[in-house]
Amino acid sequence: MQEKNVDVAVLGSGPGGYVAAIRAAQLGLNVAIIEKDKPGGVCLNIGCIPSKSLINNAHLYSEGLALLKSGGALVDTSGFDFRSVWKASRMAAERLSKGVQYLLRKNKIEFIPGQGSLKDSRSLLVEKEGEQSLVRARAIILATGSRPRNLPGFSIDEERILSSTGMLLSETLPKSIAILGAGAIGMEFAYILSSFGTKVTVVELMDQVLPLEDPESAKVVEKAFTDRGVVIHCSARAEKAEMTGEGTLLHVQLKDGTKTEIASDKLLVSIGRAPNTDNIGLEAVGIRMNRGYVETGDYYETSAEGIYAIGDICIHPQLAHVASKSGEIAAERIGRLLSGTEAPTETKINPYAIPSGVYCHPEVASFGLSEKKAQDLGVRHGVTRFPFRAIGKAVATEAPEGQVKIVFAPDTGAVLGASVVGAGATELVHEILLASYAELTLEELAQMIHAHPTLSEGIMEAAKAGMGRAIHI
Ligand code: FAD
């Protein structure tokens, strides 16, 4: 059996693993990364990147059609082939996966293809096509990510009952689809598919779409989706799915207790993601777990000395940027312990400083303390809002739905959190997050000159509104 010795071995090359590997290499450590599939993980190959490519083209397509029709054009879309859009999404994924391979080479990180598992606390066994090899390391970072969560009674076959993976790898559009779960992934697919003419029905157990987002933002999205013909059932329980002659039949109990059946070509199950913590040898080293996730300390260290866990297998939001940041923190800790490098000493991510984005149109983005959370925690807070319809650029670009909402401390004006819904929300939110991060106040946000016309003016105006002096409303 081939054996190799490195300083750091990383298991999994998603945005957690490859970023951790690069950061460890930057700190002068000898690093190997083990991956059973394509470099880049879920995010680049079957997650964030291809979905955003599809969303971009869905937006261009539906806006383009709307513009032409509003000008009286007779539009014939019969020759349109969705495969061209799908291919663009695969090319984006491939390009970025190759980019990761380039970065790994540039940082002299050895890429070891194969399925890895812990043999003991200092080595990983790697299997590929019946061959085994051993990678010994002074520190190990587990970054095996997550997979679509299954729901009993809804067995995903990736033919008619799909997960996000099957959906992203599908070259054709269904005529109709039922989507189980109105979280970020479900709503993004609802947007993509409805833009290209698929009849979409969304079923959500909670009482709003995007259950993790501010209810006011969720309402704006729900209305925009309903206006474009998407049928949404909230507070509805999907009971079972049946295969019919050509499609699927979803049995649903609605909010008022009545039962209904939704017939569609396909069913997408998007109810969350499960951590990949099985079959990687965690039991061999006795790592402490919590409901299937790995428990970690301040530096993402596990209960087994020398073994770290980052990204979607940990108890924190399953987001690519959280995976990357946790990877950097773990790598810097390892660098400090193994070779005394003077890297920054950040510890676990502050949960109130994590931005999250939903990329359908209108977009939603948020961070920190929501109004509801502040109420629940009994935190003294003020709330200020500014509507997109009063922002010049939003009107000029025909994107008047949305608002900037900021939660702040009334005595100091400190920014505690925000939720933005509307065009460009996923970019806009970062200005408010930076203000919070840098401990700026509403007054400082309001004082800073914002270029006109920009959507960012809405942030300045929301800050001013919080002090009773908004100009444009
Ligand atoms: P992953 O990206 O899951 O990577 C883990 C890697 O480990 C994989 O390549 C896997 O093959 C490999 N691996 C697993 N087990 C082994 C083993 N035993 N041996 C070798 N290799 C192994 N997040 C955002 O922040 N923004 C978004 O817009 C966004 N959109 C998304 C859209 C979709 C459709 C999906 C499904 C997810 C989306 N996410 C988004 C979530 C994001 O993709 C994940 O949070 C992120 O990929 C987690 O990174 P990770 O490094 O922990 O794991």
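Counting starts at 1 for both ligands and their atoms, following the listed order. Predicted, not measured: the structure shown is a model, and the values here were computed from it.
- For the ring-ring contact (aromatic ring centres under 6.0 Å, His included) test, no residue two or more places apart in sequence or in another chain qualifies with Phe154.
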Measure from every N or O atom of ligand 1 to the protein's N or O atoms and keep only the pairs below 3.5 Å, writing each with atom names and distance to 0.1 Å.
{"residue": "ligand 1", "atom": "2 (O)", "partner": "Val42", "partner atom": "N", "Å": "3.0"}
{"residue": "ligand 1", "atom": "3 (O)", "partner": "Ser146", "partner atom": "N", "Å": "3.4"}
{"residue": "ligand 1", "atom": "9 (O)", "partner": "Glu35", "partner atom": "OE1", "Å": "2.7"}
{"residue": "ligand 1", "atom": "9 (O)", "partner": "Glu35", "partner atom": "OE2", "Å": "3.0"}
{"residue": "ligand 1", "atom": "11 (O)", "partner": "Glu35", "partner atom": "OE2", "Å": "2.6"}
{"residue": "ligand 1", "atom": "18 (N)", "partner": "Gly116", "partner atom": "O", "Å": "2.9"}
{"residue": "ligand 1", "atom": "19 (N)", "partner": "Gly116", "partner atom": "N", "Å": "2.9"}
{"residue": "ligand 1", "atom": "21 (N)", "partner": "Lys36", "partner atom": "N", "Å": "3.2"}
{"residue": "ligand 1", "atom": "23 (N)", "partner": "Ala320", "partner atom": "N", "Å": "3.4"}
{"residue": "ligand 1", "atom": "25 (O)", "partner": "Ala320", "partner atom": "N", "Å": "2.8"}
{"residue": "ligand 1", "atom": "25 (O)", "partner": "His321", "partner atom": "ND1", "Å": "3.3"}
{"residue": "ligand 1", "atom": "28 (O)", "partner": "Lys52", "partner atom": "NZ", "Å": "2.7"}
{"residue": "ligand 1", "atom": "30 (N)", "partner": "Lys52", "partner atom": "NZ", "Å": "3.2"}
{"residue": "ligand 1", "atom": "45 (O)", "partner": "Asp312", "partner atom": "OD1", "Å": "2.9"}
{"residue": "ligand 1", "atom": "45 (O)", "partner": "Asp312", "partner atom": "OD2", "Å": "3.2"}
{"residue": "ligand 1", "atom": "45 (O)", "partner": "Gln318", "partner atom": "O", "Å": "3.3"}
{"residue": "ligand 1", "atom": "45 (O)", "partner": "Leu319", "partner atom": "N", "Å": "3.3"}
{"residue": "ligand 1", "atom": "45 (O)", "partner": "Ala320", "partner atom": "N", "Å": "3.4"}
{"residue": "ligand 1", "atom": "47 (O)", "partner": "Cys43", "partner atom": "N", "Å": "3.3"}
{"residue": "ligand 1", "atom": "51 (O)", "partner": "Pro15", "partner atom": "N", "Å": "3.4"}
{"residue": "ligand 1", "atom": "51 (O)", "partner": "Gly16", "partner atom": "N", "Å": "2.8"}
{"residue": "ligand 1", "atom": "52 (O)", "partner": "Asp312", "partner atom": "N", "Å": "2.9"}

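- Considering Val420, Leu210, Thr426 as possible partners of Val364, the one that fulfils the side-chain contact (heavy atoms from CB on, under 4.5 Å) test is Leu210.
- Take Thr277 and apply the side-chain contact (heavy atoms from CB on, under 4.5 Å) test, not counting sequence neighbours, and it matches Pro275, Leu282, Met289, Val294, Ile313.
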Could you walk me through whether Lys405 and Asp214 satisfy the salt bridge (charged side-chain N to carboxylate O under 4.0 Å, His left out) test, starting with their C-alpha distance in whole Å, then the side-chain angles of each, then the deciding distance to 0.1 Å, before giving a yes or no?
CA-CA 9 Å; Lys405 176 175 178 181; Asp214 187 285; 2.8 Å; yes
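- In this structure, Glu371 pairs ionically with Arg385, as a charged nitrogen and a carboxylate oxygen lie closer than 4.0 Å.
- Tyr300 is linked by a ring-ring contact (aromatic ring centres under 6.0 Å, His included) to His316, counting only residues two or more places apart in sequence or in another chain.
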